[in-house]
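Residue numbers begin at 1 in each chain, while the letters A, B, ... track the order of the sequences. These figures come from a predicted structure and were not determined experimentally.
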Amino acid sequence: MDPARPEFVPDASATREEMESLQHEVAAAAIWDDAFAFDPEAVSTRSERTLDDTGRRTREPPLVAGVDQAFLDDRAVSVVVVRRGDAVVERAHAVTALEIPYIPGLLAFREGGPILAAVADLSCEPDLVVFDGSGRIHYRQAGLATHIGATLDVPSVGVAKGLLCGTPEDDLAERPAGWRTPIRADSEVENADPGTVLGHALQSRQYDSRPIINPVFVSPGHRVGVGTATDLVERLCDGYKLPEPTRLADAYADEVKAESAAAPEGTDESGS
DNA sequence: GCGACAG
DNA sequence: ATCTTGTCGC
């Protein structure tokens, strides 16, 4: 799978001004309404939900991909795991040299290239991609999920463990599983009317008592509206705080990282 | 100037 | 993100 919008591919050697300028272009081109072909109701981590009362399959579950990364000194291990229902259909990875450090707001320029390298090896085209990081919840509304989603022109959502910017409508403390509240644009968010709903804080899981789990922050990447983005992520959570696509990608990234740890450079046996 | 700040 | 043993609980 290759970039549909090559001009959006993040360039780590660009100046900060050029990076922010590109983010504004990406945000202007991003689609934050439901504009995908699959049936959102068919998205699931289990195959039973795609069966009707008589047990017959009623619709083919969409291909959902999870993207995550692990790091090894100055190298990034990027992986993509694609599933159809609960079956892993394809996995791809890439080990590349990191060019710039982590800078809040510019994450796509550090991890975007490595991710695109892994996605390039994918033979299938996912219906939805779940990224570990923000999408529209970003200073210029162009977080990792939005930037890479728009570059590939694939429906995407961002799931972050922490809130980058924006203001939660309600207090996030100790909420029950299933609870959600809007994250609205404030003065820190450019080109957005204050109050615009950028995403949601979603309490994907909670214990009856302690320890207390923090919510995840879901936002549209590309071709998905705010409400649907959160609905989809909720459907993809299976008893854990993080959605299943992210958890699988996380585990695979750890595997590849362990294998890459022994190899000095690009000693890639599996031919990613 | 000070604090905040995805991974 | 990464560095890390044991430990409490279903």
Side-chain angles (χ1 to χ4, degrees), chain A residues 10 12 16 19-20 23 26-27 30 66-80 93-116 118 129-149 156-168 172 177 183 185-190 198-202 204-222 229-230 233 238-243 245-247 249-258 260-261:
Chain A
R16 182 166 191 137
M19 291 181 176
E20 299 185 348
Q23 293 185 322
V26 168
V67 171
D68 193 29
Q69 292 184 282
F71 301 89
L72 222 40
D73 290 315
D74 54 354
R75 284 179 297 168
V77 174
S78 311
V79 310
V80 192
H93 71 270
V95 180
T96 58
L98 280 171
E99 302 180 41
I100 60 174
Y102 163 68
I103 299 171
L106 299 179
L107 184 64
F109 291 87
R110 172 178 165 81
E111 308 187 348
I115 290 173
L116 290 173
V129 181
V130 179
F131 288 91
D132 60 316
S134 287
R136 198 182 176 184
I137 294 179
H138 178 274
Y139 306 122
R140 290 166 288 286
Q141 301 187 81
L144 183 71
T146 296
H147 199 138
I148 305 306
S156 64
V157 297
V159 180
K161 294 182 287 298
L163 184 60
L164 177 61
C165 62
T167 305
L172 307 178
I183 299 299
D186 51 31
S187 59
E188 277 198 322
V189 182
E190 301 173 34
L198 305 174
H200 289 105
L202 171 70
S204 52
R205 149 137 224 205
Q206 190 57 283
Y207 290 121
D208 294 322
S209 59
R210 40 192 63 28
I212 282 167
I213 294 181
N214 296 316
V216 290
F217 301 89
V218 183
S219 57
H222 180 55
T230 304
V233 170
D238 194 28
Y240 293 92
K241 168 175 177 171
L242 296 175
T246 300
R247 301 185 70 243
D250 191 71
Y252 184 45
D254 283 343
E255 280 181 40
V256 179
K257 175 180 176 177
S260 306

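A donor-acceptor pair shorter than 3.5 Å cannot be found between the side chains of A:T246 and A:D132.
Counting any heavy atom pair closer than 4.0 Å across all strands shown, A:Y102 reaches a base atom. Note on A:L106: a base of the nucleic acid sits closer than 4.0 angstrom, heavy atoms only. Among the heavy atoms of the strands lying under 4.0 Å from A:G162 are primed sugar atoms or P, OP1, OP2 only; no base atom is included. Note on A:G105: a base of the nucleic acid sits closer than 4.0 angstrom, heavy atoms only. Across all strands, A:A70 comes closer than 4.0 Å only to sugar-phosphate atoms, never to a base (heavy-atom distances).
Taking only side-chain atoms of A:Y139, from C-beta outward, the nucleotide of C:dT2, B:dC5, B:dA6 with the closest atom is B:dC5. Listed nucleotides: B:dA6, B:dG7, C:dC3. Nearest to the side chain of A:S134: B:dA6. Taking only side-chain atoms of A:K161, from C-beta outward, the nucleotide of B:dA6, C:dA1, C:dT2 with the closest atom is C:dA1. Minimum atom distance to the side chain of A:E188 is reached by B:dG3, of the listed C:dC3, B:dC5, B:dG3.
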Q | Structure string for DNA chain C in dot-bracket form, Watson-Crick and G-U at under 3.5 Å, | interchain | A | ..........

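Between the P atom of B:dA6 and the CG atom of A:D68 lies a distance of 16 Å, rounded to the nearest Å. Distance, A:R75 CZ to C:dA1 C1': 16 Å, rounded to whole Å. Here the P atom of nucleotide B:dG7 and the NE2 atom of A:H147 are 18 Å apart, to the nearest Å. The separation between A:I115 atom CD1 and B:dG7 atom P is 12 Å, rounded to whole Å. For the pair A:H138 NE2 and B:dG7 C1', the computed distance is 12 Å after rounding to whole Å. As rounded to whole Å, 22 Å separates atom P of B:dG7 from atom CD of A:E99. B:dA6 atom P lies 13 Å from atom CG of A:N214, rounded to whole Å. Regarding A:I137, its CD1 atom lies at a distance of 11 Å from the P atom of B:dG7, rounded to whole Å.
Remark: A:L172 CG to A:I183 CD1 distance equals 6.0 Å, nearest 0.5 Å. Here A:L106 contributes atom CG and A:M19 contributes atom CE; the two are 6.0 Å apart, rounded to the nearest 0.5 Å.
Between A:K257 and the phosphate of C:dT2, there is a side-chain N or O to OP1/OP2 separation shorter than 4.0 Å.
A cation-pi arrangement, defined by a distance under 6.0 Å to the six-membered ring centre and an angle within 45 degrees of its axis, is present between A:R110 and A:F71.
Between A:A27 and A:Q141, the shortest heavy-atom contact is CB-O, 3.7 Å. A:H147 and A:P10 make their closest contact through NE2-CD, 3.7 Å (heavy atoms, listed as atom of the first residue, atom of the second, distance).
Without hydrogens or angle criteria, A:T96 side chain to A:P114 main chain gives no donor-acceptor distance under 3.5 Å.
A heavy-atom distance below 4.5 Å is found between the side chains of A:I100 and A:F109.
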